[in-house]
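Single-structure report; data block below.
What you see is a predicted model, and the numbers here were worked out from it, not measured in a lab. Below, chain A is the first sequence line, B the second, and so on; all start at residue 1.
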Amino acid sequence: MSKDSIRHFIATELAADGAKTEIADNDQLLEQGIIDSFGIMTLLGFLEEKFSVHIEGDDLTPENFSSIGTISALIDRKAGLSAGA
Amino acid sequence: MTRLSVQHEMDLWAIRTPEKAAVHDGKEVLTYADLATSSNRVGQALHSLGVSAQERVVFCLSRSVHCLTALLGILRAGAVYVPIDPKSPPDRAKGILHDCAPRAFICDATTRPLARRLAGGDIPIVCLGEATENTGEFEFDQAWVDRYPAVSPAQEVADDDLAYILYTSGSTGQPKGVMIHHRNIRSYIDWAVHSFDIAASDRILCTAPFHFDMSTFDIFTTLRSGATLFIAAEALTLFPEKLVTFMEQQQITLWKGISSLLMYLARAGVLRPGRLPALRRVLYGGEALSTRWLMQWMENFPEKAFFNVYGPTEATGISLFHRIEQMPKSPQELIPIGHPCTDTYVYLLNDDLAPVPDGEIGELFIGGAGLARGYLNSPKKTAQAFLSDPFRPGGRIYRSGDLARQRTDGTYEFVGRADHQVKIMGYRIELGEIEHALSALPGVHDVAVAVVSTGDLDLRELVAFIEGELNDDTTAAFEQLKQQLPVYMIPRRLCNIARLPRCERGKIDRKALQAMEFK
């Protein structure tokens, strides 16, 4: 389940805040500052390695990275594409 | 010829080209006339609050045109501006306030809660821009500022007066305030405007935070040359396509970016021939940029000029620079940091402060017009870092802590650090400051922090190795660290370790630590 591993990664590696382990699917990661310029690069490395996808410039949009739900949907789309290819 | 200070030069542009945009943040625009008016009002308002010459005024604002109003208003009052990161952890920001003892605190609606927490009741708070709630006690809003006349406070500025203080990471846990004179800025900006051919027609992008020395290049070259500054919102720097589109829409002609951001744009695949047609000059610095990313930029944009720039906050801005004339032959090629700027000179010295033989590695010492006065309230640290020039009587040199080598063609190349300072995302980080914060956690006996690479992204992260009995649940530990350290300084992982590897004399063996992590 991509959501849970993305949630775990963000909570432990990006939030730098052990208390913030409860990140809901719809929590606004950008508005809350959970993902910043350092965080997004770390997150990309994780997503590409973990899910064997390649995330390109067109995918790097606020819409795709606004919440765990939208990141997970992006990964599902990318993974579906590569599986179908 | 009498030389003018930053604010006076800006006033000349306000007369020559009053309707021209001085600063644009993607939402709001201030013309030169607007900026002259708004900053004069802030200057007058600060006077009325009792701010006098060379006293400090903190500003902590989200990225908007108001940053320029605040900064210039402070300079007009003859005061010294001290920028604080709006994301600064409270303990760190409190430490800075305690050190610089500001007479006023300028914020906006977004940063007001932090301003209240830090300064509430003790220091007058001036909240610029749209107000969102009633002002509290000892607080003043934009409407109050606007009641002051838009005339320059009659405040003479001497060359030796301070213009700003920027705080950098300190090894003992206390950030150090680097004091920069007006003449430091003048010399730097004279050189920059000439070397990069900056003119009123330029449209300059600002991606650097204002508490970061890279921002001073953007601000002061713009105001000197009557150009337009475009402040990019932080969100833009997260999304490469958005940033490139913004640069295209605003027809940016010059960008001095942090190396990691150039790397990010290259990696995201948004660089394509024909894009960014207005951009002529790209400067990068703050840390090394892997040559393969530079090659991507140059392959896509052979028509643009690329410059590698280097310089510590203590020497104001850029100390050495190198124009990359030819495409590197391979990703293994090391790009030099080049030659010293005008009015700047460097030495490569050994531990006894004697010059190293030609071609050998030495510590880089910098002398010349960019040298800061020193660290605020820290004569001891100042004396350690700023030494008498052993070769030029009366001169001073700054010990950079960077190791370098001079090539046969005369250019310098950066080799690494002589001490325990590291750079992550362009931020200078003293490992000692992090270790100091970690050592205060319950159960921690001793600690060492190392920087380890992650994957193939040229990304590095901080890992803390802890001797002692740190609780398995690190929630409380991270919570405590967050109070003291900015997010970029908080180790991503806390690892318990039975014994830290040590060298013969008991010093922590940092090489061994990194090797352990790779296992």
When rounded to the nearest 0.5 angstrom, what distance separates [atom1] in [X] from [atom2] in [Y]?
X	Y	atom1	atom2	value
A/Leu30	B/Leu238	CG	CG	6.5 Å
A/Leu44	B/Tyr264	CG	OH	5.0 Å
B/Arg267	A/Met41	CZ	CE	9.0 Å
A/Leu60	B/Leu243	CG	CG	12.0 Å

| For B/Glu299, what residues pass the side chain to side chain contact (heavy atoms under 4.5 Å, CB included) criterion, not counting sequence neighbours? | B/Met295, B/Met327
| Which bit of B/Leu265 comes within less than 4.5 Å of chain A, counting heavy atoms only: side chain, backbone, both or neither? | neither
| task | Search all heavy atoms of A/Gly57 against all heavy atoms of B/Glu241 and return the closest pair with its distance. | result | O-CB, 4.1 Å
| message | Tell me if the CZ atom of B/Arg117 is crowded by more than 12 foreign heavy atoms within 6.0 Å. | response | no
